[in-house]
A.B. asks: 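A single structure is presented below for examination.
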Amino acid sequence: MWKTAIEDAIDKIRNNIAKFGDAYPHVGQQGRYSGLLNANQEWTSGFWPGMLWLAYEYTKDPLFRDAAVKKVESFSNRLRTNDSIDHHDIGFLYSLSSKAQWIIEKDEAAKELTLKAADKLMTRWRVKGQFIQAWGPLGDKEQGGRIIIDCLMNLPLLFWASQTTGDDSYAKAAVIHAEKSRRYLVRGDDSSYHTFHFDQESGEPLGGSTAQGYRNGSTWTRGQAWGVYGFALSYRYTRDPLYLETSKRMAKYFLRHLPEDQVALWDIDVPSDPVPYRDSSASAIICAGLLELIELLPSDDIDRDELQQGLERSITSLMTKYATIGNRDSEGLLQHGSYSVRGGNAPDDFMIWGDYYYLEALLRLERGMKGYWYES
Ligand code: GLY
């Protein structure tokens, strides 16, 4: 059932290798990635190598491996030269590039590079406040006390580093950060803040806000999806049932607030007039996250059917209404993602992470393949 969509995606990845060359796709511009390629400097640069590794695992065609290995070399340079790496997204970057290579090939150099990346992420651990600072330099007036929900997807890098080295300091930081995220980013009705602020000196909680959502108290849909997948992964590593429960509750909130065609609006609280932009990438993330969550749930969990049906409806809608299946010239896989609607930055285009999670979900459904967030 998923095969046509997968084969179509693999063909597009194959075509894009030549089109993108040494550069990296980020978001589309007028329906093309090639107008906005960058030089491995964005938080999104890991998703393209992640897609290359997935394509290699699925096809075993060395063309994909060769392209992915070249990308890992570029990630080695990026860490060595400290280029655009002063943020928390190091988990996204290195899980899908060098950690993927380690998982697939047990390449020692890739493992060492990934461990260095984990050390780099730890430089954002704030001892006084006890959290991982998302953006900006230490002590920054605006950003110094800020955490964001997306960071849950960066924690697997730290959990993995502890597993790999036996040094539990990475996992300890990850657990404290996950717990703080659960307590302060997730609200009582299972919706979420995009970001939350703490006093930098005392660690005292100050309040929630948004960067990409509709307003400070709204639920930015992609953030909710990051929470679903991220808490499921925190459970995968820690087996603390609170994280499984949090992922599940956030997933139900997400699914119960979908529009009729089952693909997310960019913010759950955005007014319906004028018709809001969709964020298909949030739906792609939640499909991949639901697959993880459902695998972890006890077989008699009372919410299993609701989640399973939500997954099937979402992935079917993505495939039939949003995917570019059959359009051979398209560079992207999923139309109608949004990066930053209020910021006017790619409010309706391809998002490379949407493409990545869509492919990850399809390959898990078809072959039981997983992404590169943990070693299985
Ligand atoms: N992690 C940034 C975003 O989801 O836009």
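Both counts, for ligands and for their atoms, begin at 1 and track the order of listing. Predicted, not measured: the structure shown is a model, and the values here were computed from it.
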A.B. asks: Can Glu73 and Lys70 be counted as an ion pair, charged N to O under 4.0 angstrom?
C.D. replies: no
A.B. asks: Donor-acceptor check, side chain of Thr221 to backbone of Asp267, threshold 3.5 angstrom: yes or no?
C.D. replies: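 Yes: the side chain of Thr221 pairs with the backbone of Asp267.
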A.B. asks: Between Tyr235 and Ile176, is there a shared hydrophobic cluster once you connect ILVMFWY residues whose side-chain heavy atoms come closer than 4.5 Å?
C.D. replies: yes
A.B. asks: Any atoms of ligand 1 less than 4.0 Å from a non-hydrogen atom of Gln212? List them with their elements.
C.D. replies: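 Reading through ligand 1 atom by atom, the close ones are 3 (C), 5 (O).
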A.B. asks: Closer than 4.0 angstrom: is that true for some heavy atom of Trp43 and an atom of ligand 1?
C.D. replies: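 The answer is yes: ligand 1 sits under 4.0 Å from a heavy atom of Trp43.
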A.B. asks: Return a yes/no value for Trp220: is any of its N or O atoms, backbone included, closer than 3.5 angstrom to an N or O of ligand 1?
C.D. replies: no
A.B. asks: By number and element, which atoms of ligand 1 are closer than 4.0 Å to a non-hydrogen atom of Tyr339?
C.D. replies: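 With Tyr339 as reference, the close atoms of ligand 1 come out as 5 (O).
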A.B. asks: Just which atoms of ligand 1 are under 4.0 Å from any heavy atom in Asp150?
C.D. replies: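 Answer, ordered by atom number: 1 (N), 2 (C), 3 (C), 4 (O).
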A.B. asks: Short list, please: which atoms of ligand 1 are under 4.0 Å from a heavy atom of Arg222?
C.D. replies: 3 (C), 4 (O), 5 (O)
A.B. asks: Evaluate the ring planes of Trp373 and Tyr356, with Trp represented by its six-membered ring, and classify them as parallel (under 30°), tilted (30 to 60°) or perpendicular (over 60°).
C.D. replies: perpendicular
A.B. asks: Check each of Tyr170, Tyr237, Tyr243 against Phe159 using the ring pair (Phe, Tyr, Trp, His ring centres under 6.0 Å) test, and report the only one that passes.
C.D. replies: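 Between Phe159 and the candidates, ring pair (Phe, Tyr, Trp, His ring centres under 6.0 Å) is satisfied uniquely by Tyr237.
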